[in-house]
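Structure record follows, encoded as structure tokens.
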Amino acid sequence: MEVILQIITLFVITIGGMVGILQLHLLQQQMKAQHDWNRRVTSLRYSFSDNTHIREIRSKLDKHLKISSRQPGEISLEEIQKLSDDQYPSIRTDLQYMLGHLENMCVAMKNSIIDE
């Protein structure tokens, strides 16, 4: 009789251990899925489409510098200076804001905070 109780106890403990291991595995999967979801949501917060201020700056930069239609390459300091003197006085501030945003985005990608 005592042997049967020990066998039943061992069986219950074994089943409990297996359930515990399964629960830990499921918890790990859930935490990974939540982490991946948070990275996606954070990535969207960095996107240009989510920020109205950035959309306005991009629109102004495109209007004055014709970014979408020009050949890829550098924008000369003279061109920026001319625009800041004449028709777009806040160009330097807007460029600094955009470059700072891009830098933050790259740092977040490098540290796996966000996805590309």
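All of these numbers come straight from a predicted model, not from anything done at the bench.
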Tell me, do [X] and [Y] make a side-chain contact under 4.5 Å, heavy atoms counted?
X: His35; Y: Met31; result: no
X: Tyr88; Y: Asp94; result: yes
X: Ile91; Y: His64; result: no
X: Arg55; Y: Asn51; result: no

Separation between [atom1] of [X] and [atom2] of [Y], rounded to the nearest 0.5 Å:
X: Ile57; Y: His101; atom1: CD1; atom2: NE2; value: 10.0 Å
X: Glu2; Y: Thr9; atom1: CD; atom2: OG1; value: 10.5 Å
X: Leu83; Y: Lys60; atom1: CG; atom2: NZ; value: 12.0 Å
X: Gln28; Y: Lys32; atom1: CD; atom2: NZ; value: 9.0 Å
X: Tyr97; Y: Leu61; atom1: OH; atom2: CG; value: 12.5 Å
X: Arg39; Y: Ser112; atom1: CZ; atom2: OG; value: 5.0 Å

Would you say [atom1] of [X] has more than 12 non-hydrogen atoms from neighbouring residues, nucleotides or ligands within 6.0 angstrom?
X: Lys82; atom1: NZ; result: no
X: Ile4; atom1: CD1; result: no
X: Glu103; atom1: CD; result: no

Do Asp62 and Arg58 sit within salt-bridge range, that is, some charged N less than 4.0 Å from a carboxylate O?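 Result for this pair is no, no salt bridge flagged.
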Hey, does the side chain of [X] reach the backbone of [Y] with a donor-acceptor pair shorter than 3.5 angstrom?
X: Arg92; Y: Ser84; answer: no
X: Ser76; Y: Glu79; answer: yes
X: Thr14; Y: Leu10; answer: yes

Would you say [X] and [Y] are hydrophobically clustered, going by side-chain heavy atoms of ILVMFWY under 4.5 Å?
X: Leu102; Y: Val107; result: no
X: Ile75; Y: Leu95; result: yes
X: Val3; Y: Val12; result: no

Test side-chain contact (heavy atoms from CB on, under 4.5 Å) on Lys66 and Ser69; report intermediate values, then the result. CA-CA 6 Å; Lys66 310 287 188 253; Ser69 61; 3.5 Å; yes
